[in-house]
Amino acid sequence: MSVLDDLAVKAGDDDVVCGVPARFVAAPAGTEEAAALIAAARDLTVVIRGGGTKIHHGPPPRDLDLIIDTRRLAGVVEHAAGDLITVVRAGTPMAELHALPGQQLALDAPPTATAGGTVSANASGPRRLRYGTARDLLIGVTVVRPDGRIARAGGKVVKNVAGYDLGKLYTGAQGTLGLITECVFRLHPVPPATAFVRAAAPPTAVAKILAAQLAPSAVEINAGPGAATEIAVLVEGTEAGVRDRAAVLARLLDGEVSDVPPSWWDTPPWPPDGLGLKLTAVLSAVPALVEAATAAGATIRGSAATGVLHAGVPSPGRGGAAGGDDTADGAVTEPAAEMSRLVDTLRAAATRAGGHAVVLTAPDGVREGLDMWGPVPGLELMRRVKERFDPDRRFAPGRFVGGI
Amino acid sequence: MSIDALAARLRAEMGPDQVLTDRQQLRTYECDGLAHYRVAPALVALPRTAGQVATVVRACADAKVPFVARGSGTGLSGGALPHADGVLIVTSQLREIVSLRPEDERAVVQPGVINLQVSVVSKEHGYYYAPDPSSQQICSIGGNVAENSGGAHCLKYGFTTNHVTGLEMVTPDGDLVRLGGAAPDTPGYDLLGAFVGSEGTLGVATEVTVKLTRLPETVRTLLAAFASTDQAGAATSAIIAAGVVPAAIEMMDALSIEAAEAAVHCGYPVGAGAVLIVELDGPVAEVAAQFDEVSRLCDENGAFETRVAADDEERQLIWRGRKSAFAAVGRISPDYIVQDGVIPRTALPEVLRRINEVASSHGVRVANVFHAGDGNLHPLVLFDSQVPGEEDRAETVSGAIIDLCIEYGGSITGEHGVGVDKARYMPRMFNDTDLDTMQLVRCAFDPDSLANPGKVFPTPRLCGERPGRRSGPHPSHEPGVAEIF
């Protein structure tokens, strides 16, 4: 237990995951050290924490002995600009990766979020329309398995079909398969020019944007109960190209060209203590989903041209949705039951839209009673994968789909 | 269970004409696109529905007989090479486009549907299917899923894995399972991401949901001729450094140009030591600005002639030489090996020099064709099998090229797959723990190693116990019962 003795310190007041306090916290500084730590912690349950921006997403852990803090596993190992790739340690803040010289990791995330956490949470933002998500941009990965062994998959070249693409398996796995210690990302050039086109327009206008061959980088929607729906489009490219395309889009939507995004751009539509969901839909069903969700009292924001939306509802009795929008009124006697019904309503709407509803966060006292992940296809195979990687179910127990 | 018993079961459960055991008929399927590996399967199954694929796999699972799935058989790594004691499941009769939904930017297709067909039927709606392997006129979507196929335009648009959002598959137990869906980001492990590119070792895809991509407003194609591959490589670097992401950047060297001229008379500039094909697509306003920059960068890096395709016909002419290059090499050499490796793009000039050194030290000619934008090399190693020793020397050079790819931090395969051909190189790219970790996934899907065994991984490993699952013989196969036929 020496590595554990060296690295682990007693947990503090903030070392709590969804109401479950940890006993210890350890922050390894390298892959080898992390491997030694995990091997020594074979009797402990573990939750991995990066910048902590999404640590409260998902169900609480069934049990929690040790938080592995990745923030000492930080730094850009290599930035091969000519090859448009970077190798980074998992605890590197996304702020560093958004501003590499002349290039960027085109993955929207809060600046204090870490690379590894963003991958593990499969977080995405407006620009997923153009650049895809973590699964598309992660080309190589180093992990420490729950048994403490170090494994690599993928590599440092974008085009590579040698062996299984384990990076995809670890993307969105929420730390249930072990610790990501290093990521290799595909980069994109920073576009010379950008513009936003903002308009008050219904969700059905998104189809017009997609029909025009203007290659927008993001098409975001903001809709709430009783409020006019807004659409904002990001255009990136050359100076001349962006000017022309933005002008065409502005005419198409009867909107305005702006240098800056609206205030709601890439911000979650729920207050810190509210209910937050991720809703997905096939494209043609996005308008119906937006309508159903706003009718149920939710504020909707997100990528209308990819079918990935966020829904937010304030905590019962608090009033006022994020961004100061109004919300449905109504006396609340049993907040947990009401929120549970609301989740059911939104999940039914997302299912009708061909997608899913996942509860990301919920107020204390409500979270425990919710089926946060909802039904998932292929669950039996997922259990078998978990069983192979983490037979003792030590990593983030209970935090993933189907109680994994 | 013997193969005879398995054949009887499948004939009863599917139909007599869907099961082949005749020696002559089996030989039709003895190889895929990598024709120097040949193995006749014990049985060929020709299912017509997803349910029939499940029937076949279930029968194989019960009998512990290995199975190999095959689409159009165009693969270049022997991924669909049959197993001598196993069943070959041919998916080419599953060729229905189940639904075409441009309003959702999705199509649902059966695995035997031909890649190009998806684009053809989508075109009238203003869409296409982006992954475009050179074999797209004959290769199947199911095969593309198995191999994670790329193509010239994956530099900008990505590979099959970036364009598949859902699958129906048969697990090696014979269960029909759905992974992903039409909407993005299905919750749970991205098993779809693990399945795509797993070369048939995790099960058989029976239905594939693919993304449709909006056709670009304009496409512009430029051919630039240089004195040397060094110059063409420098131009490629300059284009990337300028922040331009073309749809494709392809390079051919003097020997491959010579072959293409001999085969299809593509009329590339005389005296070129290398040509670059650069294609830009997107909104007119964007492409116009970038095209001027690309032209300038080619000129600055020594292009002695540039041609711009004025219309679709001229574009096809420019591409004809490139697309025919593999087959064209047959005009200048009786035999050749198509290699597929990847290097960091910036190492291109150095690696090309070293390939030439290795080739000349063995007295072997190598024609180079590559996706220059992403460092994916396709050296064509020429030999004459009638000349004693030449084939061995060609194999040596071909292997040395893969070693160079590994040395420079690249990959042993960019798009053709590992298959049977490169399994032996996997330990040079991955250590034992890396391979063992991939096996964890394999064992979760296929604990008995029945799905395409002997491919991808160099040595078969046992999965140990199946946690929480049945072990030992299936109850219906207790001694004596299954062998009475």
Side-chain angles (χ1 to χ4, degrees), chain A residues 80 82-84 122 132 135-136 145 149-153 155-166 168-169 171-173 189 192 210 213-215 237-238 240-241 244-245 280-284 306-308 354-356 358 373-374 376-379 381-382 384-385 387-389 391 401, chain B residues 103-105 147-148 150 158 161-162 177-179 182-191 193-194 197-198 214 216-217 237 240-241 243 282-283 285-286 289-290 342 344-346 374-376 409-415 417-418 426 429-430 433-434 437-438 440-441 443-445 456 467-468:
Chain A
D83 295 315
L84 285 163
N122 190 24
R135 80 189 294 280
D136 303 299
R145 294 174 4 185
R149 296 172 74 183
I150 299 164
R152 291 179 178 80
K156 287 165 61 175
V157 286
V158 173
K159 204 167 181 184
N160 176 11
V161 294
Y164 294 163
D165 192 349
L166 298 182
K168 295 210 171 31
L169 193 61
T171 300
L210 291 173
Q213 292 158 307
L214 295 166
T238 60
D244 287 5
R245 291 152 66 205
T280 57
V282 299
L283 281 187
S284 63
T306 64
V308 178
H356 293 264
V358 172
W373 288 100
V376 175
L379 187 58
L381 276 175
M382 292 176 196
R384 283 156 66 171
V385 169
E387 181 72 31
R388 292 284 173 180
F389 278 79
V401 296
Chain B
E103 68 277 20
D104 292 332
E105 298 187 346
E147 300 297 315
N148 187 17
T161 191
N162 308 110
V177 173
R178 285 197 176 272
L179 302 176
D185 293 15
T186 303
Y189 294 131
D190 188 359
L191 300 185
S198 63
R214 186 79 173 96
E217 192 176 20
S237 288
I240 299 286
E286 212 57 62
Q290 292 194 335
V342 189
R345 201 188 40 71
T346 49
D374 44 28
N376 188 187
S411 173
I412 61 173
T413 170
E415 55 187 6
V418 178
M426 285 288 278
M429 192 165 159
F430 298 108
T433 310
D434 303 339
T437 307
M438 294 177 193
L440 294 178
V441 178
C443 291
F445 278 76
V456 185

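Chain letters run A, B, ... following the sequence lines, proteins first, then strands; residues in each count from 1.
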Chain A contact via [X] - which portion, at a heavy-atom distance below 4.5 Å:
X: R214(B); result: side chain
X: S237(B); result: neither
X: V441(B); result: both
X: M438(B); result: both
X: Y189(B); result: both
X: I240(B); result: side chain

Side chain of T413(B), backbone of V418(B): donor and acceptor closer than 3.5 Å? no
Interchain contact, [X] with chain B, by part (heavy-atom threshold 4.5 Å):
X: L169(A); answer: both
X: R145(A); answer: side chain
X: V161(A); answer: both
X: V282(A); answer: both
X: A281(A); answer: backbone
X: L84(A); answer: side chain

